[in-house]
Colleague: 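This is the structure I want to talk about, given as structure tokens.
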Amino acid sequence: MSDQYQAFAKSPIGKFVIKNLGLPSPTPLDRFQAGAPVIDGAVLLGAAVNSTLTGAISQVLSNIHADTYAGNNAQLQQTAAEVGLNLRAFNSGDKESKFKALVFDASGIENADQLKDLYNFFNPVARQLEASGRVIVIGTTPEKAGSVSAAIAQRALEGFVKSVGKEFKRGVVAELVYVDKGAEANLESTLRFLLSPRSAYVSGQVIHVSKGKAVKIDWAQPLAGKTAVVTGASRGIGEAIAHVLARDGAHVICLDIPPQQADLERVAGEIGGSVLALDITAADAGEKIKAAAADKGGLDIIVHNAGVTRDKTLANMKPELWDMVININLASNAVSYTHLTLPTNREGLNANGRIVCVSSISGIAGNLGQTNYAASKAGVIGLVKFTAPTLKNGITINAVAPGFIETQMTAAIPFAIREAGRRMNSMSQGGLPVDVAETIAYFASTASTGLNGNVVRVCGQSLLGA
């Protein structure tokens, strides 16, 4: 369903009315286009004194051929030069230059006083960030800091980044990446995703990168040779996920309930995938998924997208509505754990496999009339958090938590509630199914070995649960 308000906001009369009434003014977001560079515009790189991640960051910027600038920081210049990144000089007094991304290595910040380095870097150039720009701060995991003062300072980065995401407007997103010691080589997939238009509707998020096996891939086809199963693939977000994974090189087995077979066949035909008409809650679902992937070399990726809503306030909810939502939304995710990753069944998911679950901001913040749905989606997060440290053989599990996404389901929401959902975020607009799909493809990437146990909201930094 189209956003009529956003169309009105672009018109001359719309611009006049919005400006004079102080209404939200959504900025059209840049989204990924095949063949486009990772980032289309200049990057300004900064670092706190004694930061340890500048080399890894510079290597990624060099790999993507980013037009990178930095101020008069001798340590930063030397580190960048060592990995082959040609840093152009930037004078902070230059108010004319524009940047598509501001990237700051905050790993050297070890006490509250050094947080001033954030201010000193961002304050002079805050107005020089282009529309749909990127703010990325990279730090070290607070819980693993070497001192109380360092833990305090690193945790403070989160409040800073989330505030920036709400201040900068114009489609700008702000993210914080915590990198464990020894995980520098696992940073690339995350920086590529966050710098690119693939992360258009992801803002105010904290991503943890842990140490994993470093894998070299073809970044144009990061899923080449992989086989993926996408549940609920017949329409909406599931259809978008199937398309994006196929675009990135995967063979996609499109799974949904038998009544959706016609739509499944349409989607599979569009992407060169295959069809599996199956009730995901069936006791033999795991075995049938393994069998469907057997002739493709086994299963590498499973995306648990299947889900339903049956909204009623708790006092008015019939038991069958509660049971349906819990069974479908949670039982389908349990398939991956009980049938595909336990030691006795690990042949169901190949080494370095990926499990990606779809949660919801309702599972994080709760929502009126959604006790069943919110409980199920919070349960998905519980599955991810519990399972992540238990997985072996390079297998990872992560989740996305969509906010207001323009689908058939949200089109059926009453007008006033729908408009509130669209505007109550830093982007002042709803997201698109492809925004969820791009984030899932990032987690599914062969190179994302350092991502395990993350829950990333795809919600334009919604005010709900913020």
Colleague: Among pairs that include at least one residue of residues 217-258, which meet ring-ring contact (aromatic ring centres under 6.0 Å, His included), considering only residues two or more places apart or in two chains?
Modeller: none
Colleague: With a distance cut-off below 6.0 Å to the six-membered ring centre and an angular limit of 45° from the axis, does R198 pair with F193 as a cation-pi contact?
Modeller: no
Colleague: For C254, enumerate each residue passing the side-chain contact (heavy atoms from CB on, under 4.5 Å) test, keeping only those at least two apart in sequence or located in another chain.
Modeller: A233, A242, V252, L264, V267, A268, I271
Colleague: Under a 3.5 Å threshold, yes or no: a donor from one side chain and an acceptor from the other, between Q77 and N73?
Modeller: no
Colleague: Partners of R247 by salt bridge (Lys or Arg N to Asp or Glu O under 4.0 Å), sequence neighbours excluded?
Modeller: E438
Colleague: Do D256 and R235 sit within salt-bridge range, that is, some charged N less than 4.0 Å from a carboxylate O?
Modeller: no
Colleague: Determine, for E175 against R134, whether the closest basic-nitrogen to carboxylate-oxygen distance falls under 4.0 angstrom.
Modeller: no
Colleague: If you round to the nearest 0.5 Å, how far is CG of N372 from CG of D323?
Modeller: 10.0 Å
Colleague: Is a side-chain N or O of T396 found less than 3.5 angstrom from the main chain of N452, in a donor-acceptor match?
Modeller: no
Colleague: Any chance you could lay out the salt bridge (charged side-chain N to carboxylate O under 4.0 Å, His left out) test for D180 and K144, step after step, and finish with the verdict?
Modeller: CA-CA 8 Å; D180 285 355; K144 299 179 181 180; 2.9 Å; yes
Colleague: Hey, could you give me the NE2/OG1 distance between H208 and T141, rounded to the nearest 0.5 Å?
Modeller: 6.5 Å
Colleague: Are any of the side-chain nitrogens in D30 or K100 under 4.0 Å away from the carboxylate oxygens of its partner?
Modeller: yes
Colleague: Tell me every residue that passes side-chain contact (heavy atoms from CB on, under 4.5 Å) with F121, counting only those two or more places apart in sequence or in another chain.
Modeller: L44, L102, F104
Colleague: So if I apply the side chain to side chain contact (heavy atoms under 4.5 Å, CB included) rule between V458 and each of I361, V436, I237, which one comes out positive?
Modeller: V436
Colleague: Within the structure provided, determine whether V135 and V161 are in side-chain contact (heavy-atom separation under 4.5 Å).
Modeller: no
Colleague: Is it true that Y442 and S199 share a donor-acceptor pair across their side chains at a distance under 3.5 Å?
Modeller: no
Colleague: For E265, which residues count as a salt bridge (Lys or Arg N to Asp or Glu O under 4.0 Å) partner, sequence neighbours excluded?
Modeller: none
Colleague: Going by the rule salt bridge (Lys or Arg N to Asp or Glu O under 4.0 Å), which residues pair with R310 if we only count those two or more places apart in sequence or in a different chain?
Modeller: none
Colleague: Taking atom types as modelled, find out whether Q221 and D248 have a side-chain donor-acceptor pair closer than 3.5 angstrom.
Modeller: no
Colleague: With the side chain counted from C-beta on, respond yes when S107 and V179 share a heavy-atom pair under 4.5 Å apart, and no when they do not.
Modeller: no
Colleague: Quick one, T446 and P222 - any side-chain contact, counting heavy atoms below 4.5 Å?
Modeller: no
Colleague: Output yes when R88 and D67 qualify as a salt bridge under the 4.0 Å nitrogen-oxygen rule, no when they do not.
Modeller: yes
Colleague: Indicate whether any N or O donor in one side chain lies under 3.5 Å from an N or O acceptor in the other, for D311 and Q370.
Modeller: yes
Colleague: Does the side-chain contact (heavy atoms from CB on, under 4.5 Å) test come out yes or no for N352 and T449, once each step is laid out?
Modeller: CA-CA 7 Å; N352 205 27; T449 53; 3.4 Å; yes
Colleague: Give the ring-plane orientation class for F160 versus F122, where under 30° counts as parallel, over 60° as perpendicular and anything between as tilted.
Modeller: tilted
Colleague: Between R422 and E406, is the closest basic N to carboxylate O distance under 4.0 Å?
Modeller: yes
Colleague: Under 3.5 Å, is there a donor-acceptor pair between the S426 and S203 side chains?
Modeller: no
